[in-house]
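Here the structure is laid out as structure tokens; the discussion comes afterwards.
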Amino acid sequence: MSDLRDYEVSVQQEIEDVSVGKPHVLLLGAGASKAALHNGDKNGKPVPILRDLARDLRLHRDFPQDLVELSQTDFEAAYSRLFSRGESQELEQISKKIADYFSNLELTDEANLYDVITLSLREKDIIATFNWDPFLLNSQIRLAKLGVTKLPKPYFLHGNVAVGFCAKDKVCGLAGNRCSRCGNVFEPSELLYPVESKNYQDGNFIQSQWAAIRYYLKHCYMLTIFGYSAPKTDVEAVALLKEGWGEVQNRNMEQTEIINRPGADHEALRETWDEFIHTHHYEIHESFNDSFIANHPRRTGEAYRNQYYGAKFISDNPIPTDITKLEQLVEWFRPLLDVERKN
Ligand SMILES: [Zn+2]
């Protein structure tokens, strides 16, 4: 008779297993930055969501009189109107203000949710963000300085203030740095597009990012959507994601995980992401700490396989939520990182 232990996976066994090579795809929306910096950035500056952009950045003043009101209730719609009128001076002014504001946002010094997120996934995994703020890259840079160099690959689906692009060589890098091939300074990535045509096929940076996310969605075993509510104004984005994911009936073992704010309407979220969910293979959480990623850090694939394919009882290995020093957070991940290095 087989031992009961054959059906159980201990935390230590989970840590020692790095056999899965397929990627976990994590999509980040504005809700993730809100959750990470709910009291504002290092200098107390609020991290605005698109809807509140005009109000928070006082952008309504840059719109012509007849669009001032609309800009405060539906910034994207007002921007699109301005775009269709070809008001290039106003458009440029607004884009510049947004780029300036987001470029100056900074992570707080203590360990942040962005550090936790980055540390929770491996190099084979990807984090694709819709956010313009520099927090994901800031976190990756400071973790690299502490010796964590095997990081999940970041992609920027709506452009990003910290990322530039060389259109000639199709290479991206940190904004302000130079392209290693031609020596030109990377052009900042475009942030704003009119609602009607988001320009995901621009032949440049945005297109390269979308090509990557579609590829990874096709090959992933798990999709986690954190703080992205798929606004009606961005149907094209969801259609492209769907194209990558493929037909839901062909994704019968993949798991979809949705992390949203406390008190969110679970049924509405289930409906929004219906085309990404196969029958009962989904979970909705109201906090990152409750997610599969936070409870099986750097081993989501192995834990997933043990639970869903192997029908085993897996133990949680939750990331502590009370660590404030970044060095201590990295130390907590050390046993996981050590096993990966040996393999
Ligand atoms: Zn170049």
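Because the structure is predicted, anything quoted here is derived from the model rather than measured. Order of listing sets the numbers, starting from 1, for every ligand and every atom in it.
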Review point. Would you call the rings of F156 and F205 parallel, tilted or perpendicular if under 30° counts as parallel and over 60° as perpendicular?
Key: parallel
Review point. Taking atom types as modelled, is there a side-chain donor on T300 or H24 under 3.5 Å from an acceptor on the other?
Key: yes
Check your understanding: I277: what forms a side chain to side chain contact (heavy atoms under 4.5 Å, CB included) with it, not counting sequence neighbours?
Key -> T256, I258, R270, W273, Y282
Practice item. Anything under 30° is parallel, anything over 60° is perpendicular, the rest tilted; go ahead and classify H158 against F130. Key: perpendicular
Exercise for review: Just the protein N/O/S atoms under 2.8 Å from the Zn ion (ligand 1), please, no waters.
Suggested key: C166 SG, D169 OD2, C179 SG, C182 SG
Review point. Quick one: do R298 and E340 make a salt bridge, cutoff under 4.0 Å?
Key: yes
Review point. Are E286 and R261 within salt-bridge range, i.e. N to O under 4.0 Å?
Key: no
